[in-house]
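See below for the structure under consideration.
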Amino acid sequence: MAETAAALRTVAHNVRAARIRAGLTLEELSRRAQVSKGALVGLEKAQGNPNLATLVRLADTLGISVSALMQGSSEGRVRVVSAEAVAPLWNGEQGGEARLMLTTSGPAPVEVWRWRLEPGEEYPSHPHQAGVVETVSVTSGRMTLDVDGTEHTVEAGQTATFDGGTPHTYRGSGTETCHLIMTVHLPPGPAPAS
């Protein structure tokens, strides 16, 4: 429970700091991200329980990665992250889950996610900001990737890439659990002020 409270405080601090850096009021961020002002006020006070869709909308609106909202200060030059140490940001009704493992630093960060989808289980993703590219690599099982209404089967050993700014859905298909690694390649952010 203490880890959850600490994580929420980190998200609260990072959302507020990013909002202020972007020069946005709570009202303007609420309007642009399509998140209620009450939810934003609560979030900045480290109250509530934001879901993955809310975090994605806030991150996209603020021009940063989801993990930039969730991570504290970096520790050293090498980070090793265990899946068990990262809480799922999405839990499916049939036991699937998505864990944001880490985000690389630099002008064009990359998020690395671990997903598990049970057969028939799906996650419809909110389209990301312009310039986002996603890659999914299936390590076991099979998934159906729906990008802008067109379905693509991706099987173990296969990788697919697509424009993350279009509507897309991940769905477990076949008879066994689908495990995949997803990367989200974010466009370069604004140059730091000097």
Side-chain angles (χ1 to χ4, degrees), residues 11 14-15 18 22 32-35 50-71 74 79 81-83 86-174 176-190:
V11 170
N14 292 341
V15 167
R32 290 185 187 185
Q34 299 176 353
V35 174
N51 63 28
L52 177 57
T54 297
L55 293 174
V56 167
R57 285 195 301 272
L58 288 171
D60 283 348
T61 302
L62 293 166
I64 60 177
S65 66
V66 172
S67 63
L69 293 178
M70 301 182 60
Q71 291 179 349
S74 61
R79 282 185 306 172
V81 181
S82 166
V86 178
L89 289 178
W90 172 77
N91 288 296
E93 292 181 5
Q94 298 170 17
E97 63 181 26
R99 295 174 190 255
L100 176 56
M101 299 304 296
L102 59 85
T103 300
T104 62
S105 58
V110 176
E111 296 178 348
V112 179
W113 294 77
R114 292 176 66 109
W115 282 76
R116 184 178 74 228
L117 294 166
E118 296 301 327
E121 191 169 48
E122 68 177 41
Y123 177 77
S125 180
H126 176 77
H128 303 291
Q129 63 182 315
V132 170
V133 175
E134 289 196 25
T135 301
V136 293
S137 295
V138 176
T139 58
S140 66
R142 181 184 329 148
M143 72 173 291
T144 300
L145 173 65
D146 183 319
V147 179
D148 207 16
T150 302
E151 292 188 349
H152 307 272
T153 300
V154 186
E155 299 190 24
Q158 294 182 324
T159 299
T161 188
F162 60 96
D163 174 3
T166 58
H168 53 283
T169 300
Y170 313 109
R171 184 172 47 255
S173 55
E176 62 183 78
T177 301
C178 176
H179 292 270
L180 63 106
I181 303 296
M182 177 182 73
T183 59
V184 179
H185 303 260
L186 302 162

Anything under 3.5 Å between a donor and an acceptor, one on a side chain of residues 112-119, the other on a protein residue two or more places apart or in another chain? List them.
| unit_1 | atom_1 | unit_2 | atom_2 | d |
| --- | --- | --- | --- | --- |
| Trp113 | NE1 | Glu111 | OE1 | 3.0 |
| Arg116 | NE | Gly95 | O | 3.4 |
| Arg116 | NH2 | Gly95 | O | 2.4 |
| Glu118 | OE1 | Thr177 | OG1 | 2.8 |
| Glu118 | OE2 | Thr177 | OG1 | 3.2 |

All side chain to side chain donor-acceptor pair (under 3.5 Å) counterparts of [X], not counting sequence neighbours:
X      : value
Thr166 : none
His185 : Thr183
Thr135 : Thr161

Side chains of residues 136-144: which donor-acceptor partners sit under 3.5 Å, not counting sequence neighbours?
| unit_1 | atom_1 | unit_2 | atom_2 | d |
| --- | --- | --- | --- | --- |
| Ser137 | OG | Thr159 | OG1 | 2.8 |
| Thr139 | OG1 | His179 | O | 3.2 |
| Thr144 | OG1 | Ser173 | OG | 3.3 |

Among all residues two or more places apart in sequence or in another chain, which pass the side chain to side chain contact (heavy atoms under 4.5 Å, CB included) test with [X]?
X      : result
Ala22  : Leu24, Leu62
Pro127 : Pro167
Pro50  : Leu8, Leu43, Thr54, Leu55
Glu122 : Thr169, Arg171

Exactly one candidate in Val11, Leu58, Leu89 meets side-chain contact (heavy atoms from CB on, under 4.5 Å) with Val66; the answer is Leu89
So side-chain hydrogen bond (donor to acceptor under 3.5 Å, both in side chains) across residues 89-99, not counting sequence neighbours, yields Glu97-Arg99
Here the gap from His126 atom NE2 to Arg57 atom CZ, rounded to the nearest 0.5 Å, amounts to 6.0 Å
CG of Leu145 to OG of Ser125, rounded to nearest 0.5 Å, is 10.5 Å
Note: Ala130 and Pro187 closest approach over all heavy atoms is O-CG, 3.6 Å
(Q) ring-ring contact (aromatic ring centres under 6.0 Å, His included), that's the test. Do His128 and His168 meet it? Break it down for me. (A) CA-CA 10 Å; His128 303 291; His168 53 283; 5.4 Å; yes
